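Each remark here refers to the structure printed beneath this line.
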Amino acid sequence: MRFDKRTGQSTNVAPEALRSGDYRFVRTMPLLFHPADDSILLFGTNVLWKTTNEGQSWEIISPDLTYEQPEVPSSVGHYKTPEMETMARRGVIYALGPSPLNVDIIWAGTDDGRVHLTTNGGKDWKEVTPPAMSSWDKVSQIDASHFDEKTAYIAINAIRKDDMVPYIYRTRDGGETWDLITNGLNPNGPVNVVREDPVKEGLLYAGTEREVYFSIDDGEHWQSLRNNMPATSIRDLVIHENDLVVGTHGRSAWILDNIAPLREMAQSRGRSAYLFTPSDTYRVRWNMFSDTPLPPEEPTGQNPPDGAILDYQLNQSAQQVKLEIVDEQGQVIRTFSSDQEPEEIDSTALPHPTYWIRPEQKVGVSKGHHRFIWDLKYEAPRGSKREFSIAAVYKNTPSAPQGPFVKPGTYHVRLEVDGEVIEKPLTIKMDPRVTISEEALQMQTDLSKTCYDSYHELQAIVEAIDDYSKPSREQLGLRGMGRVGNPDTMYGSIRETDPADETLVGLQQKFLFMMNLIQAADVQPTQQTIRAVNSLKESLEKIKLRWKEVKE
């Protein structure tokens, strides 16, 4: 079918509008655009079809690539009948591997145990089946190399022969010879898919009937990537930029965020600590659904982490680990440490169950791989009362108020492990759906930071007064001390106050309110917003003058 997203209309563009009976089909036929020329769409039956005009017409570019009379496998046992020796041809092309490097190179595998290769766009085909294969071995997936035209990988599933052994073959000479590369795979886990990483040569991924594996040495050794996935049949793997997308048979689609560390795995060996190069990060806002949340039992997908994924490896346990985010001017704008005290939450005072709350992150010090998510924001406003928005996500609701977003640009991540320092660049990009000028973005950043910094100027006064024993707060004439709440949870707007009557906490509340108002969307601040912030700055100066007089 060809679907038009503009109109919602669908058109049947199959090679045959009315089945002739000359071609064999199964439920899961290979249908894919050629990676070297996306105007070419390939479709496999028992022959290979090709269209270059969106299905208006098709041409056949291969003969029937299946066995005319496949051998009956011994696993059939006493169910074997004389009719099986002469049964009708039944195989189909089950897997295609067009080369990303050469539009004329296409690998094809059948579900009855044959592999063919064309190097001239389908004019001629050569059988390159590995000698160890036999009929009824299903070629479930073929991946042509992104780095060498003569290299390819094939996944063979032999379940139909009662053979549960994994089979992955690799060729580096155009199918002249094949190597079985299964060391480290579960011996009772048939393989359904093998994929080569398009960025890092020698990095492979495989999906079996139980789990996902990876290899950093071109298949010589495999390691499990299962993590928290259920034991299930993995049917396909797709590398999308720096993420690994996993298609299962009946247990949903899964995504392993940021596989970039696997591409640097070899570099991390032999070092006490290693900071992996962070992937480019998009500044995308968290939950934009501001109404009450879905109930916990409602089936929903999980969003990717809302921030930069920072991965590091410790090859031995450490005493102290620190992560710092540094801007282009060398200023540290965020620090996370292994000895950092967790956020205190009084569960008895909450109006909701604690299972809504996002678990506290910790900077790990144990031997092994560690992952930390930076939310692309400045530290939460110091001294503010921690609250939780009604726009909640089950087991993933952060506390508020939060600091403002940093501006998209280049930053550095600094890892310090027991005195040893490693630094890597981090690029933060704008939400690609957003259109905003550089001038407007800078204005939004500056105004947000003005509110944030002004809040902390007031907080410094609050803390100084809290440490001051005499005279009393009432005598100081600075009313309303205490923790500032979360402006996100307020309804309506905050009223303006005469600067002469402004209180410390009241003014803090207004600065946070304006910061959240400015940060609510990636748009240029209105003139009203600018005037409001300037008005609050005037009030700030008056309070700072009153505080100076009190101290004197």
Side-chain angles (χ1 to χ4, degrees), residues 1-67 88-112 114-128 138-146 149 152-155 192-196 198 235-241 245-249 253:
M1 305 299 290
R2 181 182 183 275
F3 175 69
D4 190 324
K5 286 169 41 172
R6 297 166 299 182
T7 63
Q9 297 178 1
S10 297
T11 308
N12 187 315
V13 293
E16 290 188 309
L18 191 64
R19 292 281 182 89
S20 65
D22 297 333
Y23 309 103
R24 296 184 297 280
F25 299 79
V26 294
R27 287 192 311 161
T28 51
M29 308 304 301
L31 176 71
L32 67 159
F33 289 99
H34 201 303
D37 183 351
D38 60 12
S39 69
I40 298 175
L41 180 63
L42 301 171
F43 177 58
T45 57
N46 54 309
V47 297
L48 182 57
W49 302 78
K50 165 185 161 182
T51 179
T52 57
N53 56 12
E54 302 179 344
Q56 288 299 118
S57 62
W58 293 80
E59 62 175 311
I60 296 174
I61 61 170
S62 84
D64 192 321
L65 299 180
T66 67
Y67 283 115
R89 200 171 191 172
R90 49 154 297 280
V92 294
I93 298 172
Y94 199 80
L96 291 173
S99 169
L101 303 173
N102 189 330
V103 71
D104 290 327
I105 295 178
I106 303 172
W107 301 76
T110 69
D111 66 348
D112 62 355
R114 300 184 84 183
V115 181
H116 287 80
L117 170 67
T118 179
T119 58
N120 55 12
K123 295 184 180 67
D124 301 288
W125 290 85
K126 175 184 178 183
E127 182 166 5
V128 291
K138 181 196 291 182
V139 183
S140 58
Q141 200 66 264
I142 300 178
D143 209 34
S145 175
H146 298 76
E149 291 184 6
Y153 308 88
I154 59 175
N192 293 315
V193 56
V194 61
R195 295 291 186 194
E196 179 191 56
R235 295 301 176 93
D236 205 355
L237 300 169
V238 175
I239 296 93
H240 177 70
E241 296 180 357
V245 185
V246 183
T248 75
H249 186 63

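Just so you know, these numbers come straight off a predicted model, no measurement behind them. Numbers here are sequence positions counted from 1.
For E54, the CD atom is loosely surrounded, since the number of other residues' heavy atoms within 6.0 Å does not exceed 12.
P15 and W58 get closest at one heavy-atom pair: CA-CD1, 3.6 Å. Considering all non-hydrogen atoms of both residues, I93 and S62 come closest at CD1-OG, 4.3 Å. Heavy atoms only, all atoms of each residue included: Y94 and V139 are closest at CD2-O, 3.5 Å. The two residues I142 and W107 come nearest to each other via the heavy atoms CG2-CB, 3.7 Å. In plain terms, the two heavy atoms of G91 and R24 that are nearest each other are O-NE, 2.9 Å. The shortest heavy-atom contact between N192 and S140 is O-OG, 2.7 Å.
Separation of atoms CZ (R90) and CG (D112) is listed at 6.0 Å; rounding is to 0.5 Å. Atoms CG and CG, from N46 and L65 in turn, are 8.5 Å apart once rounded to the nearest 0.5 Å. I40 contributes atom CD1, which lies 11.0 Å from atom CZ of F33 (distance to the nearest 0.5 angstrom). Within the model, atoms OH of Y67 and OG1 of T110 stand 7.0 Å from one another, a figure rounded to the nearest 0.5 Å. Here the CG-OG1 distance, from L42 to T51, works out to 10.0 Å after rounding to the nearest 0.5 Å. The line from CG of D64 to CG of D22 is 11.0 Å long, rounded to the nearest 0.5 Å.
In this structure the side chain of D104 never reaches within 4.5 angstrom of the side chain of T119, judged on heavy atoms. Taking the side chain as every heavy atom from C-beta outward, L48 and K50 never approach each other to under 4.5 Å. Proximity of H34 to V103: side-chain heavy atoms (C-beta onward) are separated by under 4.5 Å at one or more points. Between T52 and D37, the closest side-chain pair of non-hydrogen atoms is not below 4.5 Å.
Panel note: side chain D236, backbone G247; no donor-acceptor pair is recorded below 3.5 Å. Put simply, the side chain of Q141 never gets that close to the backbone of R195: no donor and acceptor are under 3.5 Å apart. Counting only distance, with no hydrogens or angles, the side chain of R89 and the backbone of T66 share a donor-acceptor pair below 3.5 Å. Counting only distance, with no hydrogens or angles, the side chain of T118 and the backbone of I106 share no donor-acceptor pair below 3.5 Å.
Taking the six-membered ring for Trp and thresholds of 30 and 60 degrees, W125 and H116 have ring planes more than 60 degrees apart, a perpendicular arrangement.
With no hydrogens or angles considered, no side-chain donor-acceptor pair links E149 and S99 at under 3.5 Å. There is no side-chain donor-acceptor pair under 3.5 Å between R235 and T28.
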